Enquirer: 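If you scroll down you'll find the structure; I have some questions about it.
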Amino acid sequence: MSHSANAPRPSVMQLNLKDKAALHAAYIPLFEEGGIFVPTPRDYRLGDDVYVLLSLPDEPRRYPLAGKVAWVTPARASGNRTQGVGVQFPKDEKSRELKAKIEEILGPLLGSDKPTQTL
């Protein structure tokens with residue numbers, strides 16, 4: 001029996017955003033470091049560590065992200081919102097690069113009033 005039983009390894013989620021609309025719906029500009037909404041049927045709690053492999057539109061590479069659950073949309077949420085979690089990017093250089101990349105892809109969409117999965 002290993003001693004790491006108390007600290008479960010962060011679960012890995014994959015998020016493949018195929019187009020700008022999907023990215024816009026999932027991106028969370030409210031978080032200072034940026035963040036992303038990941039649809040998942042699993043139950044998470046605020047503060048849980050998660051590992052997200054993020055694929056952006058027209059980008060061949062995947063971006064690994066070790067983030068924290070910053071909010072939870074439960075199953076059967078009001079307004080037919082998708083069940084899942086908002087993952088806050090960590091405060092590091094890779095996150096800043098990823099946030100800049102996302103905002104570059106989204107460009108003018110960022111200021112639009114299109115509804116998103118987020119707040």
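These values consider heavy atoms only, across backbone and side chains, with no hydrogens, waters or symmetry-generated copies. We number each residue from 1, following the sequence as shown. Since this is a predicted model, take the numbers as computed values, not measurements.
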Enquirer: Indicate the atoms forming the closest heavy-atom contact of Leu17 with Ala22, along with that distance.
Expert: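 For Leu17 and Ala22, the tightest heavy-atom pair comes out as CD2-O, 3.7 Å.
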
Enquirer: State plainly whether one hydrophobic cluster holds both Leu65 and Tyr51, where clusters connect Ile, Leu, Val, Met, Phe, Trp and Tyr through side-chain heavy atoms under 4.5 angstrom apart.
Expert: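 Cluster IDs for Leu65 and Tyr51 differ.
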
Enquirer: What are the two closest heavy atoms between Phe31 and Ala70, and how far apart are they?
Expert: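 Looking at all heavy atoms of both residues, the shortest contact is CZ-CB, 3.3 Å.
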
Enquirer: Whether Arg96 and Glu93 form a salt bridge (side-chain N of Lys/Arg under 4.0 Å from carboxylate O of Asp/Glu) is what I want to check.
Expert: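 Salt bridge present between Glu93 and Arg96.
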
Enquirer: Compare all side-chain heavy atoms of Glu33 with those of Lys99 and state whether any distance is below 4.5 angstrom.
Expert: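 Answer no - side chains too far apart.
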
Enquirer: Going by side-chain contact (heavy atoms from CB on, under 4.5 Å), Val38 matches just one of Leu15, Val69, Leu54. Which one?
Expert: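 When Leu15, Val69, Leu54 are each tested with Val38, the side-chain contact (heavy atoms from CB on, under 4.5 Å) holds only for Leu15.
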
Enquirer: Nearest 0.5 Å please: distance from the OG1 atom of Thr73 over to the CD atom of Gln83.
Expert: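 Here the interatomic distance stands at 8.5 Å.
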
Enquirer: Any chance you could measure Gln88, atom CD, to Ile36, atom CD1, to the nearest 0.5 Å?
Expert: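 Rounded to the nearest 0.5 Å, the CD-CD1 separation comes out at 13.0 Å.
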
Enquirer: Determine the minimum heavy-atom distance between Val87 and Gly67, stating which atoms define it.
Expert: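 Shortest heavy-atom separation between Val87 and Gly67 comes out as CG1-CA, 3.8 Å.
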
Enquirer: Would you kindly say whether Arg62 and Gln14 are connected by a side-chain donor-acceptor distance under 3.5 Å?
Expert: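 Indeed, the side chains of Arg62 and Gln14 share at least one donor-acceptor pair under 3.5 Å.
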
Enquirer: Roughly how far, to the nearest 0.5 Å, is the OH atom of Tyr44 from the NZ atom of Lys68?
Expert: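 With rounding to 0.5 Å, NZ (Lys68) is 13.5 Å from OH (Tyr44).
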
Enquirer: Working to the nearest 0.5 Å, report the span between CD1 of Ile102 and CD of Glu59.
Expert: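 These two atoms lie 10.0 Å from each other.
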
Enquirer: So, taking the atom named CG in Asp58 and the one named CG in Leu23, what distance separates them when rounded to the nearest 0.5 Å?
Expert: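 CG of Leu23 is found 10.5 Å from CG of Asp58.
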
Enquirer: Indicate the atoms forming the closest heavy-atom contact of Pro90 with Ala66, along with that distance.
Expert: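 What the structure gives for the nearest pair is CG-O, 3.1 Å.
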
Enquirer: Just by distance, no angles: are the side chains of Ser55 and Tyr63 close enough, under 3.5 Å, to form a donor-acceptor pair?
Expert: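 No, no side-chain donor-acceptor pair sits under 3.5 Å.
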
Enquirer: Please determine whether residues Leu98 and Leu53 belong to a single hydrophobic cluster, defined as Ile, Leu, Val, Met, Phe, Trp and Tyr linked transitively by side-chain heavy-atom distances below 4.5 Å.
Expert: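 Leu98 and Leu53: separate clusters.
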
Enquirer: Is the shortest heavy-atom distance from the side chain of Leu56 to the side chain of Lys101 under 4.5 Å?
Expert: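 Counting from C-beta outward, Leu56 and Lys101 do come under 4.5 Å.
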
Enquirer: Out of curiosity, Ser11 OG to Asp49 CG, how far, rounded to the nearest 0.5 Å?
Expert: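 So the gap between those two atoms works out to 9.5 Å.
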
Enquirer: Yes or no on side chain to side chain contact (heavy atoms under 4.5 Å, CB included) for Tyr27 and Leu110, after CA distance, side-chain angles and deciding distance?
Expert: CA-CA 9 Å; Tyr27 180 58; Leu110 271 179; 3.9 Å; yes

Enquirer: Could you walk me through whether Val85 and Arg42 pass the side chain to side chain contact (heavy atoms under 4.5 Å, CB included) check?
Expert: CA-CA 9 Å; Val85 293; Arg42 283 191 51 182; over 6 Å; no

